[in-house]
Amino acid sequence: MNSFAPNDPISSFEAVSWFFEEAANYLQLSDGIKDLLRNPWRVIHTQVPVRMNDGKINVFQGYRVQHNGARGPYKGGIRFHPDATRDDVTALSCLMTWKNALADVPFGGAKGGVQCDPSKMDLVELNSLTRRFTQNIEHILGPNRDIPAPDMGTNSQVMAWMMDAYGQINGHTPSIVTGKPIELGGSYGREAAPGKGAVIALSVWAKLVNYELKDRKVAIQGFGQVGKAAAENLIKLGCIIVAISDVNGGIYNSTGLNIDRLNEYFQENQTVVGFESSDAVSNRELIELPCDILVPAAISEVINSRNANSIKANVILEGANYPVTPAADKILNESGVAILPDILVNAGGVIVSYFEWVQNTQQFRWTEEHVNRELERYINDSVKTAYALSGSVQTLRHASYIVAVERVARAVELRGFV
Ligand code: GLU
């Protein structure tokens, strides 16, 4: 591994390319294959005009980036977020290629996004936005071409609208999206999978390195799909959740938060802020709180060269995509913090998406127990594979990238399309 790391600030795509480059150099890939794998195969940038409820037309920018399809149909979520720029969506599409290869699901990698603020739109406006975006990219989608899923700012309802809009043109096609509502062919266990998968990855790793999880203090940034399920599953392992946050701010109690009561409070108030027996902390402060395990499960780049030296945790579980910049990664590695990287840890969502696609294709529903058993098997395999290599290449991130990049490069070579 190179001892140099690019300084912050750095664009998301440059950062993800940096992690890729390190693995590609280790594998001694040719310059041509490196060029092919560094950059996306196809980028669609489309206007998404929506007539808002006040009668005005708003034109949003939409993207679908297909990074690499050597291992199977393109696969990855659709994000509705103000930061869903071309650069961010491209970086996230690369992460999907590596994540899918490492998890060994038969998919390539893609990501989509519409730059908007869904919290300022109602269901009618969001339905129109989703339909228009789907119509605009429909020609590059397909159950054997490209299969979207939920991501930040989207959910099973958005997937239902996408499936319907695609079906209006192509006929009823449940396998065109994953993360659908159960009633429309969604899979049991899909909603909890990203958070649950992260905790399975942590416990597999903990056993490998003899790290006792019981009574560990955990701070979680984010109380969305990943953070919530992660908190519930960490408690089952005997961990103590000392801090948690959402977009409005965070809460801290050094002796532990009652997550059942917090869930009820969140349902009523739509925020964790103001929860009983806790101190208010900002999202920035949460990263630096005294704890053993830090779980960034919200947005990108929250751990960077400004705060990496102040982190107290000795384990970082990357529930979010790209929460740690290359500069911070270097600082933390040097100070002995164990980082369980995003492409290894947050694959639970796409693994169960794969099961959903299989169920849709076979028109046969699995039980929740079956889904969870298979999820554990997949994560167990990928963590053990990455861990086995990490001894000789120093970090779990570097090892994860090497395994993933090698698998994709091999698929490119076997297909013989260059
Ligand atoms: N958006 C999720 C991710 O970043 C899931 C993608 C999928 O299921 O296709 O992994």
Side-chain angles (χ1 to χ4, degrees), residues 12 16 63-69 71-81 83-84 88-114 118 137 141-156 158-159 162-163 174-181 185-187 189-198 200-201 222 224-227 229-230 296-300 318-323 341-360 371 374-375 378-379 382 400 404:
S12 312
V16 169
Y63 305 92
R64 182 71 177 169
V65 181
Q66 296 177 332
H67 174 251
N68 186 277
R71 286 176 43 89
Y74 298 99
K75 182 88 191 82
I78 303 277
R79 177 171 282 210
F80 287 175
H81 195 271
D83 295 338
D88 265 39
V89 176
T90 304
L92 293 164
S93 76
C94 305
L95 287 176
M96 286 310 304
T97 301
W98 313 133
K99 192 189 301 191
N100 292 340
L102 184 60
D104 206 11
V105 292
F107 292 133
K111 199 77 167 200
V114 180
I137 62 167
L141 302 182
N144 294 311
R145 288 187 181 281
D146 186 347
I147 308 140
D151 198 81
M152 259 162 63
T154 55
N155 55 19
S156 58
V158 174
M159 293 305 111
M162 280 197 94
M163 181 190 84
S175 54
I176 186 58
V177 284
T178 57
K180 297 179 290 293
S187 176
R190 173 63 183 82
E191 197 139 323
K196 194 184 180 72
I200 298 172
Q225 222 192 26
V226 184
I299 50 172
S300 304
E318 295 188 351
N321 287 313
Y322 175 47
D342 49 4
I343 58 169
L344 182 63
V345 158
N346 70 29
V350 75
I351 293 171
V352 178
S353 275
Y354 165 52
F355 302 157
E356 181 173 330
W357 181 75
V358 168
Q359 292 171 73
N360 293 155
V371 168
E374 289 296 314
L375 174 65
Y378 270 74
I379 294 182
S382 53
S400 298

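Start at 1 and go down the list; that is how both ligands and their atoms are numbered. All figures in this text were calculated on a predicted structure; none of them were measured in a lab. Atoms considered below: every heavy atom in the structure, side chains included; atoms not considered: hydrogens, waters and symmetry mates.
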*Can you tell me how far CZ of R190 sits from CD of E356, rounded to the nearest 0.5 angstrom?*
7.0 Å
*Heavy atom of G76 under 4.0 Å from ligand 1?*
yes
_Basic-acidic side-chain contact under 4.0 Å: R71, D104_ = yes
_Location of contacts on P150 toward ligand 1, heavy atoms closer than 4.0 Å_ = backbone
*asked:* Could you identify the single nearest non-hydrogen protein atom to atom 1 (N) of ligand 1 and state the distance to 0.1 Å?
replied: D151 OD1, 2.7 Å
*Looking only at heavy atoms, is any part of I147 under 4.0 Å from ligand 1, and if so is it the side chain, the backbone, or both, or is it neither?*
neither
*Got more than 12 heavy atoms from elsewhere within 6.0 Å of CD, Q359?*
yes
*Donor-acceptor contact below 3.5 Å, side chain E374 vs main chain F355*: no
*Who's the nearest protein heavy-atom neighbour of atom 8 (O) of ligand 1, and how far?*
S353 OG, 2.6 Å
*Looking at ligand 1, does M96 have a heavy atom less than 4.0 Å from it?*
yes
*Starting from atom 7 (C) of ligand 1, find the nearest protein heavy-atom neighbour and note its residue, name and distance.*
A149 CB, 3.3 Å
*Out of E356, R190, K111, who gets a non-hydrogen atom closest to atom 5 (C) of ligand 1?*
R190
*If you measure from CE on M163 to OG on S156, what distance do you get to the nearest 0.5 Å?*
11.5 Å
_Any carboxylate oxygen within less than 4.0 angstrom of a Lys/Arg side-chain nitrogen, looking at D342 and K99?_
no
*asked:* Test side chain to side chain contact (heavy atoms under 4.5 Å, CB included) on R79 and L92; report intermediate values, then the result.
replied: CA-CA 10 Å; R79 177 171 282 210; L92 293 164; 3.5 Å; yes
*side chain to side chain contact (heavy atoms under 4.5 Å, CB included) evaluation trace for Q225 with N155*: CA-CA 9 Å; Q225 222 192 26; N155 55 19; over 6 Å; no
*Nearest non-hydrogen protein atom, atom 9 (O) of ligand 1*: K75 NZ, 2.7 Å
*Pull out every atom of ligand 1 sitting under 4.0 Å from any heavy atom of K99, numbered as shown with elements.*
3 (C), 4 (O), 10 (O)
*Please could you name the atoms of ligand 1 that N321 approaches to less than 4.0 Å, counting only its heavy atoms?*
4 (O)
